[in-house]
S.K.: 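My questions will all concern the structure given below.
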There are 2 protein chains.
Amino acid sequence: MRDVARHAGVSVATVSRVMSGASNVAEATQSRVQSAVDALDFVPSPAARAINSGRTYMIGALVPTLDHAIFSRFLDALELTLADHGFSLVVATTNDDPEREAQRALDLLNLGVEGFVVSGITRSATFEALIKRHKTPVIATSYFDPNSETPTIGYDNGTAARQALHHLVDMGHSDILVLSGPTWNNDRTKARLDALTGCTQARLTVREIPVTVAAAADHVATIPAHITALLCLSDVLAQGALHGLRRCGLEVPEDISVIGIDDLPSSHSLWPPLSSVHLPVRRMGACAGETLAQWIETGERAAPINLETRLEPRASVRRITPA
Amino acid sequence: MRDVARHAGVSVATVSRVMSGASNVAEATQSRVQSAVDALDFVPSPAARAINSGRTYMIGALVPTLDHAIFSRFLDALELTLADHGFSLVVATTNDDPEREAQRALDLLNLGVEGFVVSGITRSATFEALIKRHKTPVIATSYFDPNSETPTIGYDNGTAARQALHHLVDMGHSDILVLSGPTWNNDRTKARLDALTGCTQARLTVREIPVTVAAAADHVATIPAHITALLCLSDVLAQGALHGLRRCGLEVPEDISVIGIDDLPSSHSLWPPLSSVHLPVRRMGACAGETLAQWIETGERAAPINLETRLEPRASVRRITPA
DNA sequence: ATGAAAGCGCTAACAT
DNA sequence: ATGTTAGCGCTTTCAT
């Protein structure tokens, strides 16, 4: 910047003014500086800028993985909203491992992120301490809990699971196999499962398997005969189940009914179209972005937001008359 | 930091040493400083750090959208690799709009990213100028062109399209409808289409529609009768076609064959399992991350890499005897 | 309208 | 092993 100043025959202060588009600079000087900038190919240093303003305009997002439609869809909406507010999105994946999450959070903090969007409400102690220290705003998503210490913007996972279950029960099913992803370190899944147990209207068998199409497809080969319906805690699982069932020669919904949770965009074009509980992840991304931006600009802690989930009954569940 | 130094009765230099984990600090002093740090809840400033080191350890990724499995899968692998090299990933979406891409690139540059990963090889003039100025390393992906000015790490889109076409031809099809996404500002799609035209072994009809399941499903209702096969330039389109065809009462592959390009993880569990051309996007993400990290650390411009695509014949294409 | 100068919070010589 | 000090590249009073 000194070079530019010299080249333009002005002071660094003036160059700084021009660079930040200040109003009180003479037209003539302005263009003289601009010429110098162009001539020297001057590019300002973000770090130096940040050190003075104290701002970086970066938000960190910590998600289990990017390789799952539910999270990437969420992030897409989040990024769009954040960009509207002048923020950029730094993403880091945690694989649902709290220690790794804390590690990545530290990395992002060292980059200078001004706020975090995280998944679920389970944090490692390290993470908590980090946040307390830096006083960084954090918003937890994919979960709603008005009493959580960090504000949550999400849906009630228990309700979502119950919506799926009740649909099955309404349709006359009482012998239900629940296909769940790992509950280990996954409070979203745990909340869904917890809401199911204690249900007295049906006999539930729970199986915990990896959240992959392949795992679900393989698993359904071992379904007990009395089962009439499959409640999959995520659409990926349901999609795998559909595939596996077909491989076994079973028809959905004639031989067995299947319902999922997520309502991925692709689910309604499966065969048969998958009944599912819709999770408003795009809305969640937009809300989280909006709210976090607000929090950072105003300093006022965000309020939790509960987004409604919605049953999408389609063809993969059929009505049966209890035996 | 001054405060910490005072509190610990040492100089700022010593605090700095402790903070950066230097070796030459006495045990005693070290813990004294640590206490002061804890007592004062001191957190170092990333900006100040960056201004001295001249490094930010941030990489920017510019992709059309996060809400498409092909890109999020790619980014997942990229993020993982980058993290291994100590870099963090800043993502921005461009919606395939060169102007928006340039705008977002500027934003990221102002954040301080040390390198870019972009999609395709079409850049706006603004973008080119920006890069020249900042001398930022850029790697173009999802495209292979050894002669491109910016190094490409990707696959040959033309080859991928031809692999799909040849499979159809090999199976006896000669009346083929090509379902393509918008070519406007999308050099990947354009390259696929270009490779197809000039093919003399089949009669090709090309239709350009939005890349959504719904658009494809709707479109297939208007297929000319003589068509025996659908070549979809992406799996999303193929998935929509499968759905739409079923709605029309047509059987795949009995009445009509369908092939896609992408080979998304979900494609082989569709019904019928979708024949597709596999695009190695995870490998591409890992390669791009590795290569860009290398480039930044060593200063040596990256070399282009061509990743092989691979035909995955499955059940959605059947052999026919030409009429 | 412009310039001089004092920082911002840290690192890296250099000195002790 | 520790302290002193000179910056890093910019912004921002405060003068003029």
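Residue numbering restarts at 1 for every chain, and letters A, B, ... go by the order of the sequence lines.
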S.K.: Given C:dT2, is OP1 or OP2 found less than 4.0 Å from the side-chain N or O atoms of A:Thr29?
M.R.: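 Checking C:dT2 against A:Thr29, a side-chain N or O does come within under 4.0 Å of OP1 or OP2.
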
S.K.: Which part of the nucleic acid, if any, lies within reach of A:Ala26 when heavy atoms closer than 4.0 Å are counted: base, sugar-phosphate only, or nothing?
M.R.: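 Sugar-phosphate, no base atom in range.
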
S.K.: Are a donor atom and an acceptor atom from the side chains of B:Asp145 and B:Thr152 found within less than 3.5 Å of each other?
M.R.: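 Side chains of B:Asp145 and B:Thr152: no pair found under 3.5 Å.
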
S.K.: Quick check for you: among C:dC14, C:dG9, C:dA5, whose closest atom lies nearest to any side-chain atom of A:Val12?
M.R.: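 The answer is C:dA5, which lies nearest to the side chain.
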
S.K.: Check whether any side-chain N or O of B:Ser11 sits under 4.0 Å from OP1 or OP2 of D:dT4, and answer yes or no.
M.R.: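 Answer is no, no contact under 4.0 Å.
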
S.K.: Ignoring the backbone of A:Ala48, work out which of D:dT12, D:dG9, D:dT2 is nearest its side chain.
M.R.: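 Nearest nucleotide to the side chain: D:dG9.
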
S.K.: Quick one, A:Phe87 and A:Met58 - any side-chain contact, counting heavy atoms below 4.5 Å?
M.R.: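 Heavy-atom side-chain distance check fails, nothing below 4.5 Å.
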
S.K.: Distance check needed: D:dA6 C1' versus B:Ile51 CD1, whole Å only.
M.R.: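 After rounding, the reported distance stands at 14 Å.
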
S.K.: Could you state the CE-C1' distance from B:Met19 to D:dT2, rounded to the nearest angstrom?
M.R.: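 The distance from CE of B:Met19 to C1' of D:dT2 comes to 18 Å, rounded to the nearest Å.
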
S.K.: To the nearest angstrom, how far is B:Arg49 atom CZ from C:dC8 atom P?
M.R.: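 It works out to 19 Å between those atoms.
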
S.K.: Hey, which of these two, B:Asn52 or B:Asn24, hits DNA chain D nearer its 5' end, going by closest nucleotide?
M.R.: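 It is B:Asn24, whose closest nucleotide lies nearer the 5' terminus.
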
S.K.: What is the separation between atom CZ on B:Arg55 and atom C1' on D:dG9, rounded to the nearest whole Å?
M.R.: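 From B:Arg55 CZ to D:dG9 C1': 18 Å.
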
S.K.: Counting just side-chain N and O atoms, does A:Arg2 come under 4.0 Å of either OP1 or OP2 of D:dC8?
M.R.: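 Yes, such a contact exists.
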
S.K.: Roughly, in whole Å, what's the span from CG in B:Asp3 to C1' in C:dG9?
M.R.: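 Between C1' of C:dG9 and CG of B:Asp3: 11 Å.
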
S.K.: For B:Val10, answer base if it contacts any base atom (sugar-phosphate contacts may also be present), sugar-phosphate if it contacts only those atoms, and nothing otherwise; contact means non-hydrogen atoms under 4.0 Å.
M.R.: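 Sugar-phosphate, backbone atoms only, no base.
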
S.K.: Without decimals, in angstroms, what is the distance between A:Arg6 CZ and C:dA4 P?
M.R.: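 Going from CZ in A:Arg6 over to P in C:dA4 covers 13 Å.
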
S.K.: Please determine, by modelled atom types, if B:Thr65 and A:Asp76 share a side-chain donor-acceptor pair under 3.5 angstrom.
M.R.: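 A:Asp76 and B:Thr65 do have a side-chain donor-acceptor pair below 3.5 Å.
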
S.K.: Just checking, is any N or O donor in the side chain of B:Arg100 or B:Thr93 under 3.5 Å from an acceptor N or O on the other one?
M.R.: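 Yes.
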
S.K.: Over all strands shown, is A:Ser45 touching base, sugar-phosphate only, or nothing at heavy-atom distances under 4.0 angstrom?
M.R.: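 Since only primed, P, OP1 and OP2 atoms lie under 4.0 Å of A:Ser45, the category is sugar-phosphate.
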
S.K.: In whole Å, I'd like the distance from the CZ atom of B:Arg17 to the P atom of C:dC10.
M.R.: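 Atom CZ in B:Arg17 sits about 15 Å away from atom P in C:dC10.
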
S.K.: Please report, rounded to the nearest Å, how far the C1' atom of C:dA5 is from the CE atom of A:Met1.
M.R.: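 About 13 Å, once rounded to whole Å.
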
S.K.: Indicate whether the side chain of B:His85 and that of B:Gln294 have a donor and an acceptor atom separated by less than 3.5 Å.
M.R.: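 There is no such pair (donor and acceptor under 3.5 Å, judged by atom type) between the side chains of B:His85 and B:Gln294.
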
S.K.: Applying a 4.0 Å non-hydrogen cut-off, can you work out what A:Thr14 is touching in the nucleic acid: base, sugar-phosphate, or nothing?
M.R.: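 The answer is sugar-phosphate, as A:Thr14 gets under 4.0 Å only of primed atoms, P, OP1 or OP2.
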
